[in-house]
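For reference, the structure discussed in these notes is given below.
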Number of protein chains: 2
Amino acid sequence: MRTSSEEDYLKAIYALSNNNEGASTNALANHLSMKASSITDMLKKLSDKGWVHYEKYKGASLNIDGKAIALSIVRKHRLWETFLVNKLNFKWDEVHEIAEQLEHIKSNELVDRLDDFLGNPKFDPHGDPIPNKDYEITDSRKRSYLSEVKINREVIIIGVKDSSAQLLQYLEKENMILGKHISVVEIHDFDKSLRIAINGKELNISERVAQNVLVQTN
Amino acid sequence: MRTSSEEDYLKAIYALSNNNEGASTNALANHLSMKASSITDMLKKLSDKGWVHYEKYKGASLNIDGKAIALSIVRKHRLWETFLVNKLNFKWDEVHEIAEQLEHIKSNELVDRLDDFLGNPKFDPHGDPIPNKDYEITDSRKRSYLSEVKINREVIIIGVKDSSAQLLQYLEKENMILGKHISVVEIHDFDKSLRIAINGKELNISERVAQNVLVQTN
DNA sequence: ACTTATTTTTAGGCAAAACTAAATATTTTT
DNA sequence: AAAAATATTTAGTTTTGCCTAAAAATAAGT
């Protein structure tokens with residue numbers, strides 16, 4: 001058995017492990033809005049349980065079992081978000097908090113049935129890939145940030161880096177939603193803001209926004 | 001704010017308050033599978049929060065706010081059970097435990113949208129009435145236990161008293177499901193078991209089973 | 001009415017998961 | 001390479017929600 005709290009830590013380590021190394025104590029503390037000392041405590045416990053590789057002063061990384069758990073939580077989170085948006089008509093900026101609770105509901109049968117009920121979706125409402133029953137993520141699309149796209153190259157919006165309600169609401173208002181085709185018309189030297197073409201019109205967006213929009217480049 | 005544990009206690013007090021009085025410490029301990037001393041602790045806290053009327057040695061009853069919370073949990077529990085059975089094709093004996101978890105998810109918006117999504121059902125898969133958005137329960141059907149029905153009176157199965165998986169599976173096997181019309185053919189003096197007519201056939205059931213089946217008598 | 005049985009409360013303890021403050025490691029800067 | 005800054009751990013505390021064991025109150029039996 002495991003607690004919701006343990007699941008939160010495993011998910012955080014997964015989120016902060018960018019291919020390369022694991023996650024540092026401070027990064028985890030920041031991500032989870034907790035104090036570093038609390039992180040140290042829990043990392044010891046997770047290490048004892050065999051879910052995490054932890055060495056003093058060297059951060060933590062998931063081992064096989066821990067990664068499976070983390071992926072199962074991510075899978076649940078994204079399936080529930082999809083349910084909330086596709087079936088209950090929530091908007092994409094309203095579902096994160098609720099899914100944070102729903103992701104801890106324990107029942108494999110429930111998750112798999114929900115998956116089928118939703119038609120085995122590959123992506124959630126923010127464009128993030130949903131791990132399948134075997135916790136595999138298959139996403140062959142080449143992705144980059146809008147801030148890195150070359151001028152006049154047509155790309156498709158496929159996700160957001162940070163799915164905070166503020167960003168999502170902004171994008172919604174500008175109709176920069178998933179699936180839209182866009183291209184960068186001009187990059188302003190002064191502040192690196194972009195002029196983009198979308199929906200047959202042109203509009204300006206800040207570098208900050210562009211750094212948080214994921215686009216497909218193939 | 002309130003914890004899942006507090007919600008469990010309020011729900012238990014609600015369940016054990018049969019119109020008349022409130023619930024005793026021991027009854028709550030038994031219902032919640034906890035020790036009496038734990039109950040006393042929590043009753044003090046719930047009383048401080050203004051949700052429960054508690055007097056030493058005299059048990060506990062819900063006040064206005066506590067009853068509203070209890071009903072909101074009951075509403076969520078029954079709506080989620082309905083979702084699991086009607087949308088995810090769970091069987092009626094498989095949903096209780098999952099709904100025990102789901103009932104603690106916090107979001108009024110979620111509950112109300114779920115209610116609409118399900119078509120504002122009046123009863124859950126076990127025949128229990130679902131409180132509406134204002135926590136009102138409207139159920140004008142006259143109900144009694146099958147064990148108390150007079151011979152040859154036709155009645156309709158509308159619920160179960162105890163919704164344990166064992167009972168539900170038994171009823172399912174005998175096709176004694178909600179909505180079925182039945183009548184008592186004979187009552188055996190020896191053990192008070194019943195011979196009932198259902199689905200054009202006759203079958204025997206124990207007194208124990210009959211005491212747990214609710215039927216509509218009007 | 002008084003003794004026994006049952007119920008309930010009190011008192012003290014424990015584990016989980018967070019915290020603060022202080023101590024120790026590591027990293028960065030000069 | 002030493003000093004300063006930053007990161008991490010240790011040690012001790014708090015709160016929540018449960019527990020056991022013992023004490024006290026209430027209810028039941030003769």
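Keep in mind that the numbers below use all heavy atoms, side chains included, and drop hydrogens, waters and symmetry copies. First the proteins, then the strands, lettered A, B, ... as listed; each starts at 1. Every value quoted in this text rests on a predicted model; they were computed, and no experiment measured them.
- Residues of residues 23-30 of chain B that place a heavy atom closer than 4.0 Å to DNA chain C, in numerical order, are B:S24, B:T25, B:N26.
- The distance between atom CG of B:D8 and atom C1' of D:dC18, rounded to the nearest whole Å, is 13 Å.
- Between A:R75 and A:D115, at least one side-chain nitrogen of the basic residue sits less than 4.0 Å from a carboxylate oxygen of the acidic one, meeting the salt-bridge criterion.
- Between B:E7 atom CD and D:dT16 atom P there is a gap of 16 Å when expressed in whole angstrom units.
- A salt bridge does not link A:K106 to B:E100: none of the charged nitrogens lies less than 4.0 Å from a carboxylate oxygen.
- Dashed line: the shortest gap from a side-chain N or O of A:S5 to OP1 or OP2 of C:dA16 is not under 4.0 Å.
- The distance between atom CG of B:D48 and atom P of D:dT15, rounded to the nearest whole Å, is 15 Å.
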Which protein N or O atoms sit under 3.5 Å from an N or O of nucleotides 21-27 of chain D?
from	atom 1	to	atom 2	distance (Å)
D:dA25	O4'	B:Y57	OH	3.2

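- Residues forming a side chain to side chain donor-acceptor pair (under 3.5 Å) with B:D191 (at least two apart in sequence, or on another chain): B:S193.
- For the segment residues 97-107 of chain A, no residue has any heavy atom less than 4.0 angstrom from an atom of DNA chain C.
- Cation-pi geometry between A:K161 and A:Y145 is met: under 6.0 angstrom from the ring centre, within 45 degrees of the axis.
- We find that CG of A:D41 is positioned 13 Å from P of D:dG12, with the value rounded to whole Å.
- Both tests pass for A:R141 against the ring of A:F123: distance under 6.0 Å to the centre and angle within 45° of the axis.
- Between A:I39 atom CD1 and C:dT20 atom P the separation is 13 Å, expressed in whole Å.
- Mapping A:S38 and A:K58 onto DNA chain C by nearest heavy atom places A:S38 at the nucleotide closer to the 5' end.
- The cationic group of A:K44 does not satisfy the cation-pi geometry with A:Y54, failing either the under 6.0 Å distance to the six-membered ring centre or the 45° limit from the ring axis.
- For the OP1/OP2 pair of D:dT9 and a distance below 4.0 Å, the side-chain nitrogens and oxygens of A:T40 include at least one atom meeting the criterion.
- OP1 or OP2 of D:dC18 has at least one side-chain nitrogen or oxygen of B:Y9 nearer than 4.0 Å.
- In this view, B:E148 satisfies the side chain to side chain donor-acceptor pair (under 3.5 Å) rule with no residue, not counting sequence neighbours.
- In this structure, the CD atom of A:E55 is 16 Å from the P atom of C:dA25, given to the nearest Å.
- Using a 4.0 Å cut-off between a side-chain N of Lys or Arg and a carboxylate O of Asp or Glu, B:K122 and B:D139 do not qualify as a salt bridge.
- Between A:E6 and A:K11 there is no salt bridge, since no side-chain nitrogen of the basic residue lies less than 4.0 Å from a carboxylate oxygen of the acidic one.
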Per-pair distances, 0.1 Å, donor-acceptor, side chain in residues 84-93 of chain A, under 3.5 Å, sequence neighbours excluded:
from	atom 1	to	atom 2	distance (Å)
A:W92	NE1	A:L168	O	3.3
A:W92	NE1	A:E172	OE1	3.2
A:D93	OD2	A:Q169	NE2	2.8

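- By the 30° and 60° cut-offs, the orientation of the rings of B:F117 relative to A:F83 is perpendicular.
- The interatomic distance linking A:K35 (NZ) with D:dA11 (C1') rounds to 18 Å, in whole Å.
- Using a 3.5 Å distance cut-off with no hydrogens or angles, the side chains of B:D124 and B:H77 do not pair a donor with an acceptor.
- Taking atom CE on B:M34 and atom C1' on C:dT9, their separation rounds to 16 Å, with Å as the unit.
- Across all strands shown, C:dT10 forms a Watson-Crick or G-U wobble pair, both distances under 3.5 Å, with D:dA21.
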